[in-house]
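So the structure is just underneath, and the comments pick up after that.
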Amino acid sequence: MFTWRLVLILPPAIRGDIAGGGRWIHDLFPPLPLDYSCKFTVPPHNGVVLDKGDSARADACSKMRWVVPDATKTEFSFGRVDQLKMMQTFHNTTIYFVGDSTSTQNSVDFACRFSTFLVEHKVNYYKNNCRCSRGCQLNNHCIPNVHGGSGIEGFTATFRLDEHSLTVDSRRADTPLAPLMRHTLEMASPKDIVVLNSGLHVLDGPKLATMLDHINSTLIAAQHRGVLIYWRETTAAHFDTPTGYWEKSISDTQANQTAYCVNHSALDREGAWRMSTNGEVVPWMRQRGIFVLPTWAASFEFPGQCHVGMGKDCLHVLEPSGLLTLQTDLIMSALLEQYPTYA
């Protein structure tokens with residue numbers, strides 16, 4: 001049995017709460033040594049393609065950087081993590097991403113960071129996987145978007161550096177009641193990593209916490225086997241509603257493509273935090289020793305123009321973008337702090 005010490009120290013504005021405290025800036029020369037021609041950025045999830053060649057906007061969003069103040073009020077950015085150092089950490093390890101479509105985006109960005117070490121991969125696609133003729137389904141409503149109802153359902157990829165190997169396994173499960181979430185936790189081996197998220201298909205904190213109660217024993221059993229588990233906060237959305245999250249009231253503007261994504265200054269921050277489910281779920285996770293990857297505040301303040309579709313989809317962000325880069329760096333930094341090394 002392995003034990004984990006949660007010793008990750010995060011800058012104040014990367015903490016998991018409503019306050020935030022950081023801000024996004026535009027960096028002309030961000031440290032982004034990424035190859036986004038990698039094999040996971042297929043057209044349905046590639047911001048440049050989705051937005052009909054608006055490469056200037058996509059380029060600007062990829063250069064957004066989250067900065068936070070220190071005790072002297074000097075701003076600094078959350079550090080980038082060297083993927084070579086990460087590869088040298090793993091020995092026959094699998095990292096599972098299990099959650100909604102934003103988890104898929106998160107896993108794509110994570111995998112793209114390791115493109116140099118890729119030895120094999122397989123991508124699974126979905127097409128019209130809900131009752132919507134064109135678009136995706138959220139809270140029993142159809143959200144028309146530029147995906148056309150198709151995209152990445154999940155993928156597996158293996159990366160290798162000498163005797164070090166890492167497999168990334170991305171699986172889509174919209175709620176904790178999905179059998180796939182429980183199954184993944186049950187099959188994970190000691191030293192494996194599971195990154196979970198949910199919330200956007202529930203948007204009800206107490207209800208989501210009740211759902212999590214159904215997999216409580218499975219989570220605990222996985223921890224006892226030495227599986228390292230993370231929970232990623234539900235991210236914000238920027239639809240033109242009071243909280244930014246999807247509401248049926250905007251169906252008509254979505255359908256006739258006159259909707260647009262708004263910035264956080266136009267939204268009710270407290271209402272958005274309550275809707276996000278994080279207020280109930282983050283304490284639930286921490287009580288069980290599960291480390292929470294705090295992403296809501298940064299996602300709430302991320303520019304509305306950096307969503308795909310510009311009004312058709314105010315939930316998913318452009319790939320690449322500063323928000324996905326931040327999420328990947330949070331995971332990698334946490335792993336460097338917590339993951340045990342073996343000779």
Side-chain angles (χ1 to χ4, degrees), residues 18-20 22-24 26 44-52 54 56-58 60-62 64 66 100-102 104-105 130-149 151 174 197-205 208 233-279 295-319 321-324 326-327:
I18 185 176
R23 67 187 183 98
W24 289 101
H26 186 256
H45 278 271
N46 182 300
V48 178
V49 176
L50 281 175
D51 293 292
K52 300 179 180 178
D54 188 358
R57 186 168 66 87
C61 293
S62 71
M64 298 298 295
W66 182 251
D100 56 33
S101 54
T102 64
T104 303
Q105 282 205 307
C130 63
R131 294 189 297 273
C132 304
S133 60
R134 183 173 178 82
C136 61
Q137 185 173 318
L138 191 64
N139 294 327
N140 299 317
H141 301 302
C142 292
I143 304 176
N145 59 27
V146 290
H147 291 212
D174 290 334
N197 90 284
S198 186
L200 290 169
H201 291 260
V202 182
L203 295 180
D204 182 325
L208 182 55
E233 285 183 339
T234 299
T235 51
H238 295 88
F239 290 104
D240 187 18
T241 63
T243 65
Y245 289 105
W246 171 259
E247 292 182 7
K248 191 176 181 179
S249 60
I250 60 174
S251 295
D252 290 342
T253 56
Q254 291 284 303
N256 61 28
Q257 300 188 11
T258 60
Y260 58 94
C261 305
V262 299
N263 288 328
H264 72 279
S265 57
L267 302 175
D268 173 6
R269 190 184 192 102
E270 291 188 4
W273 173 256
R274 288 194 301 270
M275 184 75 78
S276 74
T277 71
N278 293 312
T295 57
W296 184 87
S299 68
F300 181 74
E301 298 191 19
F302 201 54
Q305 68 169 357
C306 292
H307 287 286
V308 300
M310 284 305 290
K312 307 179 193 71
D313 184 342
C314 302
L315 177 61
H316 303 94
V317 294
L318 292 167
E319 297 176 9
S321 69
L323 180 60
L324 293 176
L326 176 65
Q327 291 178 352

Work out which heavy atom in [X] is nearest to a heavy atom in [Y]; give both atom names and the distance.
{"X": "T235", "Y": "L200", "result": "O-CD2, 3.7 Å"}
{"X": "L323", "Y": "V317", "result": "CD2-CG1, 4.0 Å"}
{"X": "E247", "Y": "P242", "result": "OE2-CD, 3.9 Å"}
{"X": "E233", "Y": "W273", "result": "OE2-CH2, 4.2 Å"}
{"X": "A266", "Y": "V262", "result": "CB-CB, 4.2 Å"}
{"X": "H307", "Y": "D313", "result": "CB-O, 3.3 Å"}

Could you tell me if the side chain of S101 sits less than 4.5 Å from the side chain of H316, heavy atoms only?
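Yes. Closest side-chain heavy atoms under 4.5 Å.
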
[X] [atom1] to [Y] [atom2] distance, which is reported to the nearest 0.5 Å:
{"X": "R23", "Y": "E301", "atom1": "CZ", "atom2": "CD", "answer": "10.5 Å"}
{"X": "L203", "Y": "M275", "atom1": "CG", "atom2": "CE", "answer": "6.0 Å"}
{"X": "S321", "Y": "M64", "atom1": "OG", "atom2": "CE", "answer": "10.0 Å"}
{"X": "L208", "Y": "S198", "atom1": "CG", "atom2": "OG", "answer": "5.0 Å"}
{"X": "L318", "Y": "Q305", "atom1": "CG", "atom2": "CD", "answer": "8.5 Å"}

With a 3.5 Å distance limit and no angle check, can you tell me whether [X] reaches the backbone of [Y] through a side-chain donor-acceptor pair?
{"X": "H264", "Y": "P303", "value": "no"}
{"X": "S299", "Y": "T295", "value": "yes"}
{"X": "D100", "Y": "T102", "value": "yes"}
{"X": "N197", "Y": "T234", "value": "no"}

I'd like to know if the side chain of S265 pairs up with that of N263 as donor and acceptor (distance under 3.5 Å, no hydrogens or angles considered).
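No, because no side-chain N or O of S265 sits under 3.5 Å from a partner of the opposite role on N263.
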
Taking only residues two or more places apart in sequence or in another chain, which ones pass side-chain contact (heavy atoms from CB on, under 4.5 Å) with A237?
F239, Y245, L315

Taking only residues two or more places apart in sequence or in another chain, which ones pass ring-ring contact (aromatic ring centres under 6.0 Å, His included) with F302?
W24

